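This report refers to the structure that appears directly beneath it.
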Amino acid sequence: MKTGKLPETMLRTIAGKARTPSAERKEVLDGFGIAEDCAALKLNQGEAFVIVHDLIQGIPQQYMGRLAAHISASHMAAEGGEPIGIAMTALFPPDTKKYQIEQVIGEIQETCARLSMVILEGHTEVTEAVNTPLLSIHGAGKIRKDQKIPGKAKPGQDLILTKYIGLSGTGMAADFCREELSRRFPSMFLKEARECMKQLSVEKEAEILADSECYRKALGETGIYGALWEMSRTSGVGLQADIEKIPVKQHTIEICEYYNLNPYQLRSEGSMLIAADCGQQLIRELEAEGIHGTIIGQTTDSREKLIYRQGRAANLEITKQDEFQKIFMKTI
């Protein structure tokens with residue numbers, strides 16, 4: 001496509017092709033949506049804003065819209081907030097086709113609608129400044145001013161992981177590499193792996209923790225290792241985690257072995273890391289809502305970040321890159 005900002009008429013045509021009707025939010029006043037430059041929000045007395053920002057890049061564009069909306073909603077929910085909507089900037093390289101832009105925008109709209117969010121405003125442009133698609137997303141949500149907000153992790157707490165690591169990375173790999181993987185794995189195996197992309201919401205976890213001050217973090221592009229590192233850094237605590245207790249699906253293990261990926265550094269949207277005093281009690285609450293929970297370790301009063309494998313300790317190293325990019329970058 002030609003470089004430059006997409007015409008408003010084209011954007012509105014693209015927006016009108018979404019299969020799911022747009023969500024409606026009473027907090028959003030008139031003048032919001034794709035091709036709008038700003039949006040006005042109004043909160044009730046006793047409510048405050050929650051703002052998050054994420055940059056989505058380095059993944060196939062057919063997954064960018066869905067992942068962007070889920071990431072924004074998950075980060076707001078992890079902070080105790082109720083998501084309202086997102087403001088987005090979408091940049092595409094000149095070799096992008098119109099249908100590809102429609103796919104990204106459509107996925108954002110449909111996912112936002114399912115999450116009861118709206119697109120507050122958006123800027124979409126074809127530019128030579130990027131060679132792969134890039135989404136910059138600002139999420140806006142709300143929280144009660146008297147509501148308890150997540151605190152820092154404290155020494156001696158249980159580390160709980162919800163669901164399984166690598167859900168988003170497994171789902172994308174199984175779909176993106178479907179043809180290649182079909183020569184190695186049965187069709188039912190790959191179908192189940194692709195369905196991991198249907199488990200990216202942490203809304204239920206956030207609801208259970210709504211009035212709790214315990215630390216929680218929605219997992220993302222740096223996987224469980226990145227989440228553990230970030231918890232230790234921001235809270236000023238050490239940790240001991242048992243790698244054999246970290247829940248991982250067999251689909252994730254086998255796909256990672258096939259591509260020589262580290263599952264503990266694979267994209268893991270859909271899971272949440274929690275530090276709490278009474279881990280078993282929290283797990284019972286999670287299980288009552290149909291959410292799998294596992295205690296994978298504890299926090300300590302040192303600065304050591306230790307990962308145990310078969311009883312032997314190793315230092316946790318910072319995660320620098322999502323493992324899924326090793327697959328995607330080979331195709332660019």
Side-chain angles (χ1 to χ4, degrees), residues 59 63 66-67 70-71 73-75 77-78 158-177 181 185-186 188-209 215-231 239 241-276 279-280 282-298 307-309 316 319 322-327:
I59 63 172
Y63 314 115
R66 187 188 328 179
L67 209 56
H70 272 295
I71 289 172
S74 295
H75 287 175
D158 291 323
L159 293 174
I160 300 101
L161 184 73
T162 68
K163 303 189 186 80
Y164 301 86
I165 63 168
L167 289 174
S168 55
T170 301
M172 285 192 295
D175 187 63
F176 185 65
C177 307
L181 292 175
F185 300 106
M188 182 55 67
F189 175 93
L190 293 178
K191 179 178 182 294
E192 293 170 349
R194 291 194 299 273
E195 288 179 349
C196 288
M197 287 292 285
K198 298 179 179 180
Q199 305 176 51
L200 303 187
S201 173
V202 294
E203 180 180 358
K204 285 188 176 181
E205 290 96 316
E207 289 176 357
I208 293 170
L209 298 167
Y215 175 92
R216 80 288 304 256
K217 179 178 178 59
L219 270 62
E221 63 180 340
T222 55
I224 181 59
Y225 277 3
L228 288 169
W229 180 280
E230 183 69 10
M231 180 214 64
L239 66 90
D242 189 335
I243 199 169
E244 279 123 5
K245 292 181 180 178
I246 296 175
V248 53
K249 285 180 173 288
Q250 189 64 28
H251 308 77
T252 303
I253 293 172
E254 296 199 31
I255 289 175
C256 283
E257 286 181 352
Y258 181 82
Y259 285 112
N260 193 28
L261 308 178
N262 184 337
Y264 306 99
Q265 295 175 262
L266 185 65
R267 291 199 80 105
S268 292
E269 284 85 2
S271 302
M272 181 179 283
L273 176 67
I274 306 166
Q280 289 295 349
L282 178 55
I283 286 177
R284 286 192 291 270
E285 294 177 22
L286 291 166
E287 297 284 355
E289 295 296 325
I291 303 170
H292 181 64
T294 308
I295 295 178
I296 64 171
Q298 289 77 35
I307 301 294
Y308 285 83
R309 185 192 296 268
L316 174 67
T319 301
D322 163 35
E323 289 288 275
F324 179 78
Q325 289 193 21
K326 294 180 180 179
I327 301 174

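For this chain, numbers begin at 1 and follow the sequence in order. Hydrogens, waters and symmetry mates are skipped; everything else that's a heavy atom, side chains included, is used. This one's a predicted model, so the numbers in the text were calculated from it and none came from an experiment.
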If I take atom [atom1] from residue [X] and atom [atom2] from residue [Y], how far apart are they, to the nearest 0.5 angstrom?
| X | Y | atom1 | atom2 | value |
| --- | --- | --- | --- | --- |
| Y259 | C177 | OH | SG | 3.5 Å |
| I71 | E269 | CD1 | CD | 4.0 Å |
| L228 | L219 | CG | CG | 8.0 Å |
| Q298 | I160 | CD | CD1 | 9.0 Å |
| R216 | L273 | CZ | CG | 11.5 Å |
| I291 | E205 | CD1 | CD | 4.0 Å |

Listed pairs under 3.5 Å, donor-acceptor, residues 195-202 side chains, sequence neighbours left out:
from: E195; atom 1: OE2; to: K191; atom 2: NZ; distance (Å): 2.7
from: S201; atom 1: OG; to: E203; atom 2: N; distance (Å): 3.1

Ignoring hydrogens, what is the shortest heavy-atom contact between [X] and [Y]? Give both atom names and the distance.
| X | Y | value |
| --- | --- | --- |
| G166 | T252 | O-OG1, 4.1 Å |
| A78 | A218 | CB-N, 4.0 Å |
| G223 | S268 | CA-OG, 3.8 Å |
| I255 | A193 | CD1-CB, 4.1 Å |
| P263 | I165 | O-CD1, 3.6 Å |

Return the set of residues passing ring pair (Phe, Tyr, Trp, His ring centres under 6.0 Å) with [X] (not counting sequence neighbours), or none when no residue passes.
| X | result |
| --- | --- |
| H251 | F189 |
| F324 | none |
| Y215 | none |

Taking [Y]'s backbone N and O only, do any of them form a donor-acceptor pair with [X]'s side chain (distance below 3.5 Å, no angle check)?
| X | Y | value |
| --- | --- | --- |
| S271 | T162 | yes |
| K249 | Y164 | no |
| Y63 | F176 | yes |

| note | Across all chains, not counting sequence neighbours, the side-chain contact (heavy atoms from CB on, under 4.5 Å) partners of T222 are T319
| For Y308, all residues meeting side-chain contact (heavy atoms from CB on, under 4.5 Å), sequence neighbours excluded |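 Checked Y308 against side-chain contact (heavy atoms from CB on, under 4.5 Å); matches are Q240, L306, A313.
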| Min side-chain heavy-atom separation I295-K245 under 4.5 Å | no
| said: Using side-chain heavy atoms (C-beta onward) and a distance below 4.5 Å, is L266 in contact with D322? | reply: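 Sidechains of D322 and L266: in contact.
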| message | Whether R284 and E287 form a salt bridge (side-chain N of Lys/Arg under 4.0 Å from carboxylate O of Asp/Glu) is what I want to check. | response | no
| Y225 and N262 side chains, donor-acceptor separation under 3.5 Å |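 No donor-acceptor contact under 3.5 Å links the two side chains.
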| request: Check the pair R267 / M172 against side chain to side chain contact (heavy atoms under 4.5 Å, CB included), numbers first and verdict last. | output: CA-CA 9 Å; R267 291 199 80 105; M172 285 192 295; 3.5 Å; yes
| task | Using the side chain to side chain contact (heavy atoms under 4.5 Å, CB included) rule, take K217 and M231 through it: C-alpha gap first, then chi angles, then the decisive distance, then the call. | result | CA-CA 8 Å; K217 179 178 178 59; M231 180 214 64; 5.8 Å; no
| query | Given I296 and I224, is the side chain to side chain contact (heavy atoms under 4.5 Å, CB included) satisfied, shown in steps? | reply | CA-CA 11 Å; I296 64 171; I224 181 59; 4.2 Å; yes
| query | Given I283 and D158, is the side chain to side chain contact (heavy atoms under 4.5 Å, CB included) satisfied, shown in steps? | reply | CA-CA 11 Å; I283 286 177; D158 291 323; over 6 Å; no
